[in-house]
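Each chain gets a letter, A, B and so on, in the order the sequences are listed, and its residues count up from 1. Heavy-atom basis, side chains included; hydrogens, waters and symmetry copies ignored.
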Amino acid sequence: MTSRERVLKLFAGEKVDRLPCFSGMGNVTTEGLKKYGYKFAALHSNAKMMSDAAASTYRLFGFECGVVPFDLCVEAEALGCEINVYAHLEDILYPTIKKKLIHNEDEMDIVIPSDIANRGRVPLMKETIGVIKADIGNEVAIGTYVLGPFTLAGQIMELNDLLKLSFKKPDKVSKLLNTLADVIILVAKEYEKAGADYITVREMGATSDVLSPRVFKNLILPHLKKIFAELNVDSVLHICGKTNDIAAFMLESGAKAISVDQKNDIAETRKKIGKDALLFGNYDPYNILVAGTTEKVRETIRKCIDEGVSAVWPGCDIWPTVPPDNIKAMMDEVKNYRR
Amino acid sequence: MVTEEKRQEILGKLKNAVIQYDEDTAKETSKEALEIGVNANDAIFNGLVSGMEEVGRLFEAQEYFVPELLMCADALYAGLDILKPHVKQLDLGVKGSVVIGTVEGDVHDIGKNIVKMMFDVAGFTVYDLGRDVPLDKFVEEQLRTDSDLVCLSAMMTTTMVGMKKVIDNLKAKNPNVKIMIGGAPVSQDIAEKWGADGYAKDANNALKDAINMISSLKKLKEEAEAKKNS
């Protein structure tokens, strides 16, 4: 069974020979960058470089996917925000939004640009998905991601204001989220056309570390449902931080799989959502994968599998400085460990 | 001289205004406190801060979440803005100045702002560098202000690693400076490995740590007063 078959069969609910080890989020490594002599900050605006770097984690370590992009700013940029890629730095920093779109409550009634599919880096992302698909698409599944509406809202306006308004004026926030859900659907459809096999919706802003499960259910979930109802390819809903109390809602969103991080008690979640639901997670991509020993990595992977994940998958983007021995130990453990 | 009964009433009102995120009441009651002669320090620590302590408890019990916390903080600031000009400088035997900011690459500043609020309350001089702060800036600002404490915040794993550099640089330039790091991805392990003096892992812990710090300051102050009165 190839990695591609394994991942696609898993999504289809069919039998697989073993759990796949992949991700729906960024997983570029400094080893991969070294292989091509690329600088991290340069990847975000070049289809060939982005694709090479994304494919290198599969080429070097057998990590079972190819995922682009590496940053979280594509949708916000298409809406008109300015981003910072930190081109002046040698260190790896992920791009951030430097200029917001909404500056106060009165500006929340935004209109979606009619040419959203051609704005910002959306065309570049389409091109990149095509490039990586042609490169390794026969061997692994090609993934991409979009933000969830609440997380996107937190990028285009002050998070501080958004959070308070979620409490004080939920109707106003809901209206914005509804518009942003449409933006996300439009962008995701372009990615589908470009050949993405699966799309992860990253809604980390709605973690239970920040919002109550009740607000999640009433304010966020309806918009997530709308998005997943429109997606045709396989889909994953990712939320990091505390998620035990919202795991069932996450599944209710209509996503084919849910993804959680190391703060989730997988055994408990598995009990709650039943044995057949697809639950991806949940090793710590920095404290374990980068900073841990190979033995600690193996132990953690075994724990994920024992507790009942459907795929061994990181809690967030993999931090690029991951030691090669650690990622090799992870792949080896997934391939050889049997519960 | 205000009666004990009236004082308790005012303190209770301030406390509840913070808990119920009622900015208007926090403002009005703070003005009333000053008018009738409640000591500004008393009103801050035993009214507003006492309310924030309860908010911390509600947050921990998951009755309150970040939106509520932010609104409570607004109510606290509404009162603090009125009361603070009337606070006589506390003599705590510490200089109490702090450089605080979110590290470069990270635009999340809510946790940082909550910690900052508690420093404000405690009467520290706060040099807030904001968010997405270039790493060298922390070192420059500490040297410029000769602050006792530097607080670094990061919300994302992807930016947390920048903290190590700042810690190394700060310690090299000034071995006596105390460094506190905080944010979701940070752990006790990392704090120790990187040589930070303290850490707070999330908004809740940041608030708790900051409250603990204020509580110990309160104790110092009470001890100083007890000594003076004996």
With chain B as the partner, which of A/Asn287, A/Leu159, A/Asp245, A/Leu211 has the greatest number of non-hydrogen pairs under 4.5 Å?
A/Leu211

For B/Glu54, is there an ion pair with B/Arg57 - N to carboxylate O distance below 4.0 angstrom?
yes

Pair B/Ser153-B/His108, side-chain donor/acceptor within less than 3.5 Å:
no

Under 4.5 Å heavy-atom distance to chain A, tell me which part of B/Asp189 shows up: side chain, backbone, both or neither.
neither

Between B/Tyr21 and chain A, with a heavy-atom cut-off of 4.5 Å, which part of the residue counts as in contact: side chain, backbone, both or neither?
side chain

When only pairs under 4.5 Å are counted, which of A/Leu89, A/Asn84, A/Ile92 shares the most heavy-atom pairs with chain B?
A/Leu89

Please state whether the side chain, the backbone, both or neither of A/Lys98 comes within less than 4.5 Å of a heavy atom of chain B.
neither

If I measure from the heavy atoms of chain A, does B/Glu104 come under 4.5 Å with its side chain, its backbone, both, or neither?
both

Picking from A/Gln155, A/Arg214, A/Lys164, which has the most non-hydrogen pairs under 4.5 angstrom with chain B?
A/Lys164

Looking at A/Leu163, A/Thr96, A/Val210, which makes the most heavy-atom pairs under 4.5 Å with chain B?
A/Val210

Part of B/Met160 within contact of chain A (heavy atom distance under 4.5 Å)
side chain

Tell me yes or no: between the side chains of A/Asn264 and A/Thr269, is some donor less than 3.5 Å from an acceptor?
yes

May I ask you to decide if A/His44's main-chain N or O and A/Arg121's side chain share a donor-acceptor pair within less than 3.5 Å?
yes

Specify whether A/His88 and A/Tyr86 have parallel, tilted or perpendicular ring planes, treating 30° as the upper limit for parallel and 60° as the lower limit for perpendicular.
tilted

Quick check against the 3.5 Å criterion: does A/Thr151 have a side-chain atom that pairs as donor or acceptor with the backbone of A/Met204?
yes

Testing A/Met25, A/Met250, A/Arg202 for side chain to side chain contact (heavy atoms under 4.5 Å, CB included) with A/Ser259, which one passes?
A/Met25

Sort out for me which residue in B/Gln142, B/Glu141, B/Glu140 forms a side chain to side chain donor-acceptor pair (under 3.5 Å) with B/Arg144.
B/Glu141

Selection from B/Met71, B/Glu68, B/Lys193 maximising heavy-atom pairs under 4.5 Å formed with chain A
B/Met71

Part of B/Asp109 within contact of chain A (heavy atom distance under 4.5 Å):
neither

